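The structure displayed is predicted, hence computed values, not measured ones.
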Amino acid sequence: MHKYENLIYAYLRQHKTVSLEGIGHLRLENDSPSFLGDKKAETSGELIDYIGEKMGKNKSLVKYDVQSHLEQSKQFINLGKPYVIPGFGGITINKEGRYELDTTETSVSEEEEYLTEQASLSVEKSKKKNGLMALAVLLLLFILSAIGYGIYSVVSSEPQAVETAPEPQPQPVTGTTSGTTLHLADSTPAMADTMVSKMPDSLKTSVPKPASATAVDSTGTTAAPLRSYRYVFEQTASRARAEKRTEDLKNWGKPAAFDSIRKKDSTFYRLFFTVKAASSDTLKIKDSLERYFQKKVYIRGN
């Protein structure tokens, strides 16, 4: 559960005050903590910038991730479990339904410490993966340049001009979803890197002709049949967040949707893209989405 709390406390020590969405306002003066509950509070923008810088993540992604994290934290508070910020205290709910600070709650369990450590390791793995991807792109460009120069040298040394066939261009992996086309990165490292750094240019919608049950290549040969798959990239207990998140993605040209499932006595909402693709392309699309969202993406068949 404790994913950002150490960073929140470090920010508090430096800036003395911070606001958390739907929870309230925290102050730390001379190592003396104080808290004012406010369920209409908005998360401090400077905190989002601070976390993004410390974790090396895109600030817009950090904003939505922190929002989801605080929403889950509120669910824990409402169930009677304290929301603990190590070194500051635990935020609990009293009999009147108001949030208050319990300064005796200053440490987390071994299980929560383990989850925090795993989150940090995930960030480090993501950084290493992106670094290796950039290195692969540079290496590929170098090899292609060397091959191009070699071909040019051979052709220029011939006494007569030699006509060569044009080199085939890599085709993007395309999936059709609900009347729109979801363009994802192809299998080359250069396109995969573009998926990570410029998602708005890689996920575009258009109105194509109705998709057939099977894919047909440029020669007219029937390829593998297409099936619809759901790529679930987030799960939340808040319907309001699910509606806002999908609406934002649609406004950016990303055809997102959500559904709901029941787990015990709670309802959870799954945010997903529906893509019609060949089974051989599903993992390629999944990897591209995971690089963009920097979190696990699950595939569900329709």
Side-chain angles (χ1 to χ4, degrees), residues 1-128 234-238 241 266 268 293-296:
M1 186 64 194
H2 288 266
K3 183 178 181 180
Y4 295 112
E5 283 59 49
N6 289 331
L7 289 174
I8 292 174
Y9 182 67
Y11 178 88
L12 259 176
R13 291 186 64 86
Q14 182 177 345
H15 298 276
K16 307 305 179 185
T17 181
V18 70
S19 298
L20 302 180
E21 181 175 344
I23 295 177
H25 312 284
L26 291 68
R27 292 186 64 85
L28 187 65
E29 292 286 351
N30 300 322
D31 293 331
S32 178
S34 61
F35 170 74
L36 176 62
D38 181 4
K39 296 183 180 180
K40 295 183 180 181
E42 297 290 336
T43 300
S44 301
E46 294 81 0
L47 175 65
I48 300 299
D49 295 340
Y50 179 83
I51 292 176
E53 179 181 351
K54 293 297 182 182
M55 299 186 71
K57 295 178 64 176
N58 181 279
K59 292 177 183 178
S60 61
L61 291 179
V62 169
K63 177 182 177 180
Y64 284 107
D65 204 15
V66 169
Q67 183 182 42
S68 177
H69 178 71
L70 292 177
E71 181 65 34
Q72 293 179 29
S73 300
K74 285 167 55 182
Q75 298 289 337
F76 272 77
I77 296 173
N78 294 334
L79 290 173
K81 299 179 180 180
Y83 171 52
V84 179
I85 300 177
F88 183 83
I91 298 171
T92 61
I93 188 170
N94 60 24
K95 294 180 179 179
E96 289 75 29
R98 293 193 296 270
Y99 292 162
E100 59 185 13
L101 178 65
D102 181 358
T103 56
T104 63
E105 294 281 358
T106 58
S107 61
V108 297
S109 67
E110 292 183 358
E111 178 183 2
E112 291 168 331
E113 290 286 1
Y114 172 77
L115 293 176
T116 302
E117 181 181 354
Q118 293 304 303
S120 299
L121 290 175
S122 177
V123 172
E124 291 301 322
K125 288 180 180 178
S126 177
K127 290 181 180 178
K128 291 180 180 179
E234 184 176 336
Q235 179 172 294
T236 177
S238 169
R241 169 172 170 73
S266 302
F268 293 89
F293 287 109
Q294 296 189 13
K295 61 174 67 175
K296 189 72 174 177

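- Across all their heavy atoms, V62 and G52 have their closest contact at CG2-CA, 3.9 Å.
- Contact of the K295 side chain with the E234 side chain is registered, since non-hydrogen atoms from C-beta on lie closer than 4.5 Å.
- How far OH of Y11 is from OG1 of T17: 8.0 Å, rounded to the nearest 0.5 Å.
- Remark: D102 CG to N94 CG distance equals 11.5 Å, nearest 0.5 Å.
- Taking CZ of R98 as the start and CG of D38 as the end, the distance is 13.0 Å to the nearest 0.5 Å.
- To the nearest 0.5 Å, atom CG of residue L101 and atom CD1 of residue I85 are 8.5 Å apart.
- By the 4.5 Å heavy-atom criterion applied to side chains, Y4 and L70 are not counted as neighbours.
- No donor-acceptor pair closer than 3.5 Å links the side chain of S19 to the backbone N or O of S44.
- Residues passing the side chain to side chain contact (heavy atoms under 4.5 Å, CB included) test with N30: none are found, sequence neighbours excluded.
- Remark: side-chain polar atoms of T43 are paired, donor with acceptor, to backbone N or O of E21 under 3.5 angstrom.
- Within a 6.0 Å sphere centred on NZ of K39, heavy atoms belonging to other residues, nucleotides or ligands number more than 12.
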Start with the C-alpha distance between H15 and E46, add both sets of side-chain angles, then the distance that settles side chain to side chain contact (heavy atoms under 4.5 Å, CB included), and finish with yes or no. CA-CA 10 Å; H15 298 276; E46 294 81 0; 5.8 Å; no
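- Considering all non-hydrogen atoms of both residues, Y9 and P86 come closest at CG-O, 3.4 Å.
- Counting heavy atoms from C-beta outward, D65 and K57 have side chains that approach closer than 4.5 Å.
- With hydrogens and angles disregarded, no donor-acceptor distance shorter than 3.5 Å links the side chain of S68 to the backbone of Y64.
- In this structure, F35 and G24 approach most closely via the heavy-atom pair CE1-CA, 3.9 Å.
- One distance of note links NZ of K74 with CD1 of I93; it measures 10.5 Å at 0.5 Å rounding.
- Nearest approach of E5 to V84, heavy atoms of both residues: CG-O, 3.3 Å.
- With rounding to the nearest 0.5 angstrom, the OG atom of S32 is 10.5 Å from the CZ atom of R27.
- Using a 4.5 Å heavy-atom cutoff, the side chains of L7 and M55 are in contact.
- Scanning all heavy atoms of the two residues, the minimum distance from L20 to Y83 falls at CD1-CE2, 4.1 Å.
- You'll find the side chain of Y99 reaches within 4.5 Å of the side chain of N78, heavy atoms only.
- Remark: Q14 pairs with Y50 by the side chain to side chain contact (heavy atoms under 4.5 Å, CB included) rule, at least two apart or across chains.
- Taking all atoms of both residues into account, the shortest heavy-atom contact from R13 to L28 is CG-CD2, 3.7 Å.
- Between the S238 side chain and the R241 main chain, a donor and an acceptor come within less than 3.5 Å of each other.
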